[in-house]
Amino acid sequence: MILHLMHDEKFCDNTIKNFEKVNPGNNKYLVFKADKDKGIYRFISHPELTCEFFYEHENLDDHVTATPAVSGIVAHSISAAFASAISKLSRKPKLYWVVWGYDMYTLPKIQPGLYAPETLSYLTREKRWLSLSWTLNKYKPLRWLFYTAWGKENFWDVLESAQREVDYFVTYIREDYELYKEKYPETKCEFFDAAFFNLNQYVGEAFMDKKIAGKNILIGNSNTPESNHLDVIHLLKNVPLDNETKVFIPLSYGENNNYKKAVIQSAKKLWGSGSSPLLGFMPQQAYIEILLTCGVGIFYHHRQQAMGNIIAMLWLGARVYMAGINPAFRFFKRLGIHVFDLQRDFEIHGLNALTEDQVKTNRAILAEAFSAGKVEQDYENLVRNIYEINTLTCH
């Protein structure tokens, strides 16, 4: 039996579907919830396949020691709630951390490097003590003194302690693993190469044969400062757009209302009616229809983020700009995909469309890296590793 730790998120349905295909009936999906959310599901379509876990009072040991025996734990991200539950385990099966991004990039030794100048300036104006808090949290002795003096729970210690228990860092982006090991060299985890969603799941089967036919622009993927929207807007301030071009800015995912307002105001000031913030959640099909009108996508994250958006836009034929500092940018370049550094390449290529050869190259590489067969094989390899490791441990 494989025990999965999940939150009720939009990625869960595909994750459950893919694991059930290669390990049918031998998965237990624990959906972590506060007591007040009992019976409430926002994204999971088939709650009967899952088990609610009320982290405020339940003990993860009860599930780890239950029959049938648990061969391994797959944590789909490591949140504070997951970390707390893991830290209390009396018996620890092999632990596999499926890295989502936020769980790695919010760590104290990594987060301060995520913001470009305009965004960083905005954040430090909004939170005067931000730089100090980053410094306190980065250094463990300072962190201990601060939390002890104020009588607060030091959740960073709990989080980092749980991550030290990880045996395998599961992702298809080796560059993320290399950055994590650089910042946290004391961790024992090994890299496990696995992609978790195939092209159909990123793009949607109905759109696999479609190509972009439009000259609109997409900026970022969510209402988060890590998208560095303010810097993108600043960088585009001298770029002329015709009256028919729209600039779409997805801002539905994320809860920072002040930041959302700042982005909307800055974009409207520059582009007027051409600015088109996307403020409500929409079905995948409707969202892909918008992407099909965008010849350029700009994802100026300094971290791995928006991979679904980026992969979909690359497949559909968009010119995608990223931050050269982003490990995901280096991942795509390593594969040979045509992606572009916003600061270095925009003045060369601007809003020009990719050539047909570039689109064909990108599609061929993505088709191999994220084919249904390749992703299913990755799942099978992971499941096999879990059971093999457990057998070796038992003997």
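For clarity, every value in this text was computed on a predicted model and none was experimentally measured. In what follows, every heavy atom counts, from backbone to side chain, and hydrogens, waters and symmetry copies are set aside.
Nearest approach of P93 to I73, heavy atoms of both residues: CD-CD1, 4.0 Å. Scanning all heavy atoms of the two residues, the minimum distance from N228 to A116 falls at OD1-N, 3.0 Å. Residues L130 and S133 come closest through the heavy atom pair O-OG, 2.7 Å. In this structure, G317 and I212 approach most closely via the heavy-atom pair C-CD1, 4.1 Å. Among all heavy-atom pairs drawn from P277 and L251, the shortest one is CB-CD1, 4.0 Å. The two residues Y253 and S222 make their nearest non-hydrogen contact at O-CB, 3.2 Å.
With hydrophobic clusters built from ILVMFWY side chains whose heavy atoms lie under 4.5 angstrom apart, L241 shares a cluster with Y321. Criterion: ILVMFWY side-chain heavy atoms under 4.5 Å apart, direct or through other members. Under it, F197 and M208 are part of a common hydrophobic cluster. V22 and V170 fall within the same hydrophobic cluster, defined by Ile, Leu, Val, Met, Phe, Trp and Tyr side-chain heavy atoms under 4.5 Å apart, directly or through other members. The cluster map of Ile, Leu, Val, Met, Phe, Trp and Tyr, joined by side-chain heavy atoms under 4.5 Å apart, puts I348 and L342 in different clusters. Side-chain heavy atoms closer than 4.5 Å link hydrophobic residues (I, L, V, M, F, W, Y) into clusters, and following such links, even through other members, never connects Y41 to F43.
Judged purely by distance below 3.5 Å, without hydrogens or angles, the side chains of R128 and T124 never pair a donor atom with an acceptor atom. With hydrogens and angles left out, the side-chain atoms of H301 and N221 include a donor and acceptor closer than 3.5 Å. Counting only N and O atoms by type, the side chains of D231 and Y115 include no donor and acceptor under 3.5 Å apart. Side-chain polar atoms of Y102 and Q304 form no donor-acceptor pair below 3.5 angstrom. Side chain to side chain, N27 and E20 meet the donor-acceptor criterion of an N or O pair below 3.5 Å. Checked by atom type, the side-chain pair Q358/N362 shows no donor-acceptor distance below 3.5 Å. Judged purely by distance below 3.5 Å, without hydrogens or angles, the side chains of N385 and Y96 pair a donor atom with an acceptor atom. Side-chain contact of D35 with Y55: a donor-acceptor pair under 3.5 Å is absent, judged by distance alone. Side-chain atoms of D176 and T171 form no donor-acceptor pair, as typed in the model, at a separation below 3.5 Å. Side-chain atoms of N216 and T245 form no donor-acceptor pair, as typed in the model, at a separation below 3.5 Å. Side chain to side chain, Q305 and N326 fail the donor-acceptor criterion of an N or O pair below 3.5 Å. Between E9 and H7, the side chains place no donor N or O within less than 3.5 Å of an acceptor N or O (distance only, hydrogens not considered).
Distance check: Q111 CD to K109 NZ gives 14.5 Å after rounding to the nearest 0.5 Å. Distance check, rounded to the nearest 0.5 Å: NZ of K246 to CD1 of I290 gives 10.5 Å. With rounding to the nearest 0.5 Å, the separation of CD1 in I311 from CG in L316 is 12.0 Å.
By the 4.0 Å N-to-carboxylate-O rule, K211 lies close enough to E356 to be salt-bridged with it. Salt bridge status for D167 with K188: present, with a side-chain N to carboxylate O gap under 4.0 Å. Salt bridge annotation for K374-D378: present, with a cationic side-chain nitrogen under 4.0 angstrom from a carboxylate oxygen.
For the pair R319 and F340, the cation-pi test (distance below 6.0 Å, angle within 45°) is passed.
Under a cut-off of 6.0 angstrom, the local environment of CG in N243 is sparse, with at most 12 non-hydrogen atoms contributed by other residues, nucleotides or ligands. No more than 12 heavy atoms of other residues, nucleotides or ligands sit less than 6.0 Å from atom NZ of K183. Other residues, nucleotides and ligands place no more than 12 heavy atoms under 6.0 Å from the NE2 atom of H46. For E205, the CD atom counts as loosely surrounded, since its 6.0 Å shell holds 12 or fewer non-hydrogen atoms of other residues, nucleotides or ligands. Counted within 6.0 Å of NZ on K33, heavy atoms from surrounding residues, nucleotides or ligands total more than 12; the atom is thus considered enclosed. By the 6.0 Å contact criterion, CD on E368 is open, its count of non-hydrogen atoms from other residues, nucleotides or ligands being 12 or less. No more than 12 heavy atoms of other residues, nucleotides or ligands shown are found within 6.0 angstrom of NZ on K210. Remark: K36 NZ is loosely packed, at most 12 non-hydrogen atoms of other residues, nucleotides or ligands lying under 6.0 Å away.
The closest side-chain heavy-atom distance from R334 to F332 is not below 4.5 Å. Side-chain atoms of W315 and F207, non-hydrogen and from C-beta on, never get closer than 4.5 Å to each other. Considering only heavy atoms from C-beta on, H234 comes within 4.5 Å of K237 through its side chain. Looking at V320 and I337, their side chains never come closer than 4.5 Å, going by heavy atoms from C-beta outward. Looking only at side-chain heavy atoms (C-beta outward), Y287 and P250 come within less than 4.5 Å of each other. Within the 4.5 Å cutoff, no side-chain heavy atoms of W97 are placed close to those of H76. Put simply, the side chain of L218 does not reach to within 4.5 Å of the side chain of I298, judged on heavy atoms. The shortest distance between side-chain heavy atoms of I44 and T50 falls below 4.5 Å.
Proximity of a side-chain donor or acceptor of T15 to a complementary backbone N or O of F11 within less than 3.5 Å is detected. Proximity of a side-chain donor or acceptor of D103 to a complementary backbone N or O of I78 within less than 3.5 Å is detected. Judged by distance alone, the side chain of Q343 and the main-chain N or O of L235 form no donor-acceptor pair under 3.5 Å. The backbone N or O of S84 sits less than 3.5 Å from a side-chain atom of S87, completing a donor-acceptor pair. Side chain of N223 to backbone of G254: a donor-acceptor contact under 3.5 angstrom is found. Listed for the D13 side chain is a donor-acceptor partner under 3.5 Å among the backbone atoms of S45. Looking at E165, its side chain never comes within 3.5 Å of a backbone N or O of I86 through a donor-acceptor pair. Between the side chain of D8 and the main chain of R42, a donor-acceptor pair closer than 3.5 Å is present. For R330 (side chain) and I325 (main-chain N/O), a donor-acceptor pair under 3.5 Å exists by modelled atom type. Put simply, the side chain of D61 gets close to the backbone of S90: a donor and an acceptor are under 3.5 Å apart.
Aromatic rings from Y259 and Y122 are positioned such that their centres are separated by under 6.0 Å. A centroid separation of less than 6.0 Å is found between the aromatic rings of Y379 and F196. In this structure, F54 has its ring center at least 6.0 angstrom away from the ring center of F32. In this structure, H4 has its ring center under 6.0 Å from that of F19. F53 has its ring centre less than 6.0 Å from the ring centre of H63. Under the 6.0 Å cut-off for aromatic ring centres, W156 and Y147 do not qualify, their centroids lying 6.0 Å or more apart.
With L5 as reference, L60 is the one residue of V74, V98, L60 to meet the side chain to side chain contact (heavy atoms under 4.5 Å, CB included) rule. With respect to Y180, the ring pair (Phe, Tyr, Trp, His ring centres under 6.0 Å) criterion is satisfied by exactly one of Y105, F191, F169: F169.
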Side chain to side chain contact (heavy atoms under 4.5 Å, CB included) between I386 and K94: does it pass, once the steps are laid out? CA-CA 7 Å; I386 292 171; K94 288 293 179 180; over 6 Å; no

